[in-house]
Peer 1: 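First the structure, then my questions, so here it is.
To find a chain, count down the sequence lines: A is the first, B the second, and so on, and within it residues start at 1.
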2 protein chains.
Amino acid sequence: MKIVVDAMGGDHAPHEIIHGAVQAARVAGGEFTIILVGIESKIREELKKHIRVENLKIEIVHAPDVIGMDDEPIMALRKKRDSSIRVGIHLIKEKKADAFVSAGSTGAVMAGSLLALGKIEGVARPAIGALIPTESGGTLIIDVGANIDSKPHHLLQFGMMGTIYIRDIFGRKNPKVGLLSIGEENTKGNEVVVDTHELMKTQLNNFYGNIEGRDILRGIVDVVVCDGFVGNIVLKLVESVMGVLTGSLRRHVMKNPFALVASYFMKPSFVKMKKDFDYEEYGGVPLLGINGISIISHGRSSAKAIKNSIFVAAKMCERRVNDHIREKLVLVKPTSNYAEPMSAKA
Amino acid sequence: MKIVVDAMGGDHAPHEIIHGAVQAARVAGGEFTIILVGIESKIREELKKHIRVENLKIEIVHAPDVIGMDDEPIMALRKKRDSSIRVGIHLIKEKKADAFVSAGSTGAVMAGSLLALGKIEGVARPAIGALIPTESGGTLIIDVGANIDSKPHHLLQFGMMGTIYIRDIFGRKNPKVGLLSIGEENTKGNEVVVDTHELMKTQLNNFYGNIEGRDILRGIVDVVVCDGFVGNIVLKLVESVMGVLTGSLRRHVMKNPFALVASYFMKPSFVKMKKDFDYEEYGGVPLLGINGISIISHGRSSAKAIKNSIFVAAKMCERRVNDHIREKLVLVKPTSNYAEPMSAKA
């Protein structure tokens, strides 16, 4: 198995990316090869900072161009044909590698993957699924930004793909799918959500029903389905929560000497709580429905996040997530007033 | 000034409601009268639990019917003509009182207020504004559930009403309005959001631009504008955060004796942090755009929340929020491809 890592993508590239790749290679112990793609001289320079890398299964593919976070994705992919993102994805397309991991421009990775690899047969629209930390070990929220006007049959497929992902990667036997809405009743929500509820009720045998905003972090379902506009806002809000709350606590503790001393003894508990809700623990988020494995890491990814993303990529490959999506999802004729063909389980 | 309080609405009614009303009456020191509306015998029974209530400015209006949380709002308002919600709102309509506060069915309060009091002239759609606790003392998020398919001109008006509310009630001189989206650029978001951005840029001189999910709790703007579907999910998610995080911390602390002892000394800091993010501190949420004052308290409202809601109602009245909305908002001819007339500042 070969996993391509975009050495140039992310706020802390290439330093943290290569650090994470080296860590992953050490832990993997030869189970897979990591191909670092990017500006070769910079990659070599970073690799020099680590000891005993010559024994690790790490290869380098030179890609002189870099797509920045501010570049318009489609335009950048077209103009920067030798960018790490485009070159990396093409290694997958040409079957020279099995999975791609990038902390670079989400838009460019998404568009590049879709253009080069295409969709899995039967999938109407690919979606990004992100793992949100919860009391019960994490909930996949899908979609978090690939689609901004999803129709019921898209949302149904998001639920199906999410189910397969959570089952394959996290080993949960009977994952439940919740539809994010503003009330539990099937009549609550906007038109798309109400119609999706109806569709899921008949087509998704692991459908839990509607869930509300307050249920997301409680982890009462394994997969939360929503349109990418809502999902993106929810994801970014959740990511910000820990920093905002601990910031407030820190300010109050600093003013109270007893609390300040006490906080030292509580540190292990804080660290554990933080770990419970640390998105870096889960690594990158998969682009589901693409005919290939493409993992998007957070732009601010540290070495740890990159390492975990690489292992997510390896698991997606090993456990044949895409094959299972291919087996389960088929396009069928539309039965509703929405334009594109509707999907159902095989 | 007279403030009507729905004694029968909410999960902890009538006990907590009347407790909160008594507290408010004591603090107010005769500044306003509280009219408790509901089943008279039950109200009198609850009042007996408090000392020296005979000196407080509290009146009772009997209303034998109760609208439950599960009742269909419109149907319930029609059938239960003597419900505390309907009777209470009609006291406002008949100018026998100045404001209405209820922790009962949001749908029934909303529908009842709209039916009996109507909209302020110039307002296309009323909206619910909820104060979300932030580092900078709170941000108003509007709408949180009154509308589920808001058009650009509705969202523009939400921003205007929110500005007036934050300025009048919180005394902020130059409140900033942010449009909730999935990227800072004006091209990011769904069609309605992109069009709203354009409209706000020209019509709202305190428009900050788009904000993202991660910016909500940071309080970088005073007013966050979004459709009620998104706003409702965000509000409920934020309300759940504190419980989920402290629950996780508690579990880790219980396993560590040092941390358990230390947590005792940190308690004051925890209490202050919790207060920073406690929605009960802010009282109820206003239904803005209604031709009258109607405050919706959380269904789980404690006495404290009810007390604070009553003071929010009193402030809305004193500071003439609705007059300012009437002065600022006018309906003008539509200039876009959306059906209803567009709004602009006078």
Peer 1: Taking everything shown except Glu184(B) itself, do over 12 heavy atoms lie less than 6.0 Å from its CD?
Peer 2: no
Peer 1: Quick check: closest heavy atoms across Leu237(A) and Val238(B), and the distance to 0.1 Å?
Peer 2: CD2-CG2, 3.9 Å
Peer 1: Using a heavy-atom cutoff of under 4.5 Å, enumerate the residues of residues 208-216 of chain A that contact chain B, numbered in order, or state 'none'.
Peer 2: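 The list, in residue order, reads Glu212(A), Gly213(A), Arg214(A), Ile216(A).
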Peer 1: Might you confirm whether atom CE of Met69(A) has over 12 heavy atoms from other residues, nucleotides or ligands at distances under 6.0 Å?
Peer 2: yes
Peer 1: Output the residues of residues 106-114 of chain B for which the shortest heavy-atom distance to chain A is under 4.5 Å, in residue-number order; output 'none' if no such residue exists.
Peer 2: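 Hits under 4.5 Å: none found.
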Peer 1: Between Cys226(A), Gly189(A), Gly183(A), which shows the greatest number of heavy-atom pairs under 4.5 Å with chain B?
Peer 2: Gly189(A)
Peer 1: What closest approach, in Å, do Ser181(B) and Ile233(A) show between heavy atoms, and which atom pair accounts for it?
Peer 2: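 The pair with the smallest heavy-atom distance is O-CG1, 3.7 Å.
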Peer 1: Check whether Asp149(A) gets within reach of chain B through its side chain, its backbone, both or neither, counting any heavy atom under 4.5 Å.
Peer 2: neither
Peer 1: Would you name the heavy atoms of Leu180(B) and Phe229(A) that are closest together and state the gap between them?
Peer 2: O-CZ, 3.5 Å
